[in-house]
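Treat the numbers as computed from the prediction; the structure is a model and nothing was measured. Each ligand, and each atom within it, is numbered from 1 in the order the structure gives.
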Amino acid sequence: MKRILTMQDLSCAGRCSLTEALPVLSAMGLETAVLPTAVLSSHTAFKNVYGTDLLDTDREILRSWKENGITFDAIYIGYLGSTAAVNVAQEVIVAFGNKIPILIDPAFGDHGRLYRGIDEDFPKTLCTILTKATIICPNLTEACFLTGTPYREDFSDPQYQQLLKKLASICDGTVILTGIDTGNGEIATLLSSGDGGYEKCAIAKEPASFHGTGDLWASAFIGACMRGMPAMDAMNLASRFVKKAIHITLLDHGEPLFGTEFERALPLLINALPRDRVGGGD
Ligand code: PXL
């Protein structure tokens, strides 16, 4: 079984980060090691968030993993939230990232704004590790902040190409731009070919947005890649999974702040995975 290391916060309430990555990757048949950057009462869209960072402990965990000869087949870095956490992520990459896929989901903003508590310089700081990623998957807001492009909800096709080119100059690896509203009832993700060109994966848009869907998408995407799916198929599956999670949540009148009821959409994910040699479950 492949072993993935994921580094992000543990928000105790309000689905996001580790409370999504862990169940999703487990359901996809992947062993998941976690490096929690902080324990927070909830994600930061709630008021009055309390918590403590775990970065000193994280450094000891890294040392212990090295001493025990523990290795990983992929690294998935999500919300970091501070320069100090970016520095630890850098150490993770140096210590464990040799010749394995490294997905970094920038995870610092949405709807044209930085998440609460993220400072203006954070996108620039994050660029120092995005250079080391083999895949990055910013949403449109994050892509605009990373490239110094004024945010708009929709760009013309040449402007998307320009944005992808700028992202490719930040990361040598694969660039995927998520959360593109195509304007005709679809939501798309774009897989950059590096020179401004892209392949598009578009699906019908659900009529509401929920917290934590970016984390859910990134988790399902890296999970599908690690289970052997090509990038476009993995993008398609991750998008269908998130759509289904939103759809179910709307039927159940779920609250946007608590994220989607993705737990009920896990069967879609599991059933879409390629059968492997070992199998299991049936
Ligand atoms: O879903 C992104 C995310 C992850 N972690 C924390 C957050 C957010 C978004 O607000 O606050 C702590």
Side-chain angles (χ1 to χ4, degrees), residues 5-25 32 34-55 57-58 75-86 88-89 92 103-120 122-123 125-126 129-130 133 136-146 151 176-179 187 189 206 208-223 238-239 241-243 245-246 249 254-263 265:
L5 163 59
T6 186
M7 173 183 189
Q8 37 194 324
D9 59 282
L10 177 57
S11 286
C12 298
R15 298 177 186 87
C16 71
S17 300
L18 283 182
T19 58
E20 297 191 324
L22 200 47
V24 167
L25 292 170
T32 310
V34 297
L35 192 65
T37 52
V39 183
L40 304 173
S41 51
S42 67
H43 61 64
T44 58
F46 283 88
K47 279 186 245 144
N48 306 333
V49 176
Y50 301 99
T52 185
D53 92 54
L54 299 172
L55 299 171
T57 307
D58 287 343
I75 295 175
Y76 159 30
I77 296 172
Y79 178 99
L80 293 172
S82 69
T83 301
V86 173
V88 177
V92 169
L103 171 70
I104 305 183
D105 176 4
F108 58 73
D110 209 354
H111 307 295
R113 296 164 52 181
L114 297 171
Y115 292 138
R116 187 182 296 153
I118 302 281
D119 75 57
E120 296 279 316
F122 183 78
T125 306
L126 193 65
I129 60 164
L130 295 184
I136 61 170
C137 56
N139 62 28
L140 190 55
T141 298
E142 291 150 355
C144 287
F145 275 105
L146 289 169
Y151 176 77
I176 298 172
L177 186 55
T178 68
I187 188 110
T189 46
E206 288 292 331
S209 78
F210 283 83
H211 209 276
T213 48
D215 302 347
L216 213 50
W217 191 94
S219 303
F221 171 76
I222 184 75
S239 302
F241 169 58
V242 172
K243 177 180 163 57
I246 295 173
T249 315
E255 297 169 65
L257 216 46
F258 283 85
T260 61
E261 297 176 15
F262 72 87
E263 297 86 350

Nitrogen or oxygen atoms of Ser17 and ligand 1 under 3.5 Å apart: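 It does: an N or O of Ser17 is found under 3.5 Å from an N or O of ligand 1.
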Leu216 vs Phe241, side-chain contact (heavy atoms from CB on, under 4.5 Å): CA-CA, chis, key distance, verdict: CA-CA 9 Å; Leu216 213 50; Phe241 169 58; 3.7 Å; yes
Gln8 and Tyr76: CA distance, side-chain angles, deciding distance, side-chain contact (heavy atoms from CB on, under 4.5 Å) verdict: CA-CA 9 Å; Gln8 37 194 324; Tyr76 159 30; 3.4 Å; yes
Whether Tyr115 and His211 hold their rings parallel, tilted or perpendicular, with breakpoints at 30° and 60°: tilted
Ligand 1 contact on Asp215 by region, counting heavy-atom pairs under 4.0 Å: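 Side chain only.
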Nearest neighbour of atom 5 (N) of ligand 1 from the list Asp9, Thr37, Leu18, Ile118, on a heavy-atom basis: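 It is Asp9 whose heavy atom sits nearest to atom 5 (N) of ligand 1.
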What is the minimum heavy-atom distance between [X] and [Y], and which atoms define it?
{"X": "Ala245", "Y": "Thr260", "value": "CB-OG1, 3.6 Å"}
{"X": "Gly254", "Y": "Phe210", "value": "O-CE2, 3.8 Å"}
{"X": "Thr141", "Y": "Asp110", "value": "OG1-C, 3.3 Å"}

Does [X] have a heavy atom less than 4.0 Å from any atom of ligand 1?
{"X": "Gly214", "value": "no"}
{"X": "Ala107", "value": "no"}
{"X": "His211", "value": "yes"}

side-chain contact (heavy atoms from CB on, under 4.5 Å) assessment of Phe122 paired with Leu80: CA-CA 10 Å; Phe122 183 78; Leu80 293 172; 4.2 Å; yes
Taking only heavy atoms of [X], which atoms of ligand 1 are found under 4.0 Å from at least one of them?
{"X": "Leu40", "result": "12 (C)"}
{"X": "Thr44", "result": "7 (C), 10 (O), 11 (O)"}
{"X": "Cys16", "result": "1 (O), 4 (C), 5 (N)"}
{"X": "Ser11", "result": "12 (C)"}

side-chain contact (heavy atoms from CB on, under 4.5 Å) partner of Thr37, the single match among Val88, Asp9, Asp53: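 So, applying the side-chain contact (heavy atoms from CB on, under 4.5 Å) to Thr37 and each of Val88, Asp9, Asp53, only Asp9 qualifies.
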Atom 3 (C) of ligand 1: nearest protein contact (heavy atom, Å):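 Ranked first by proximity to atom 3 (C) of ligand 1 is Tyr79 CD1, 3.7 Å.
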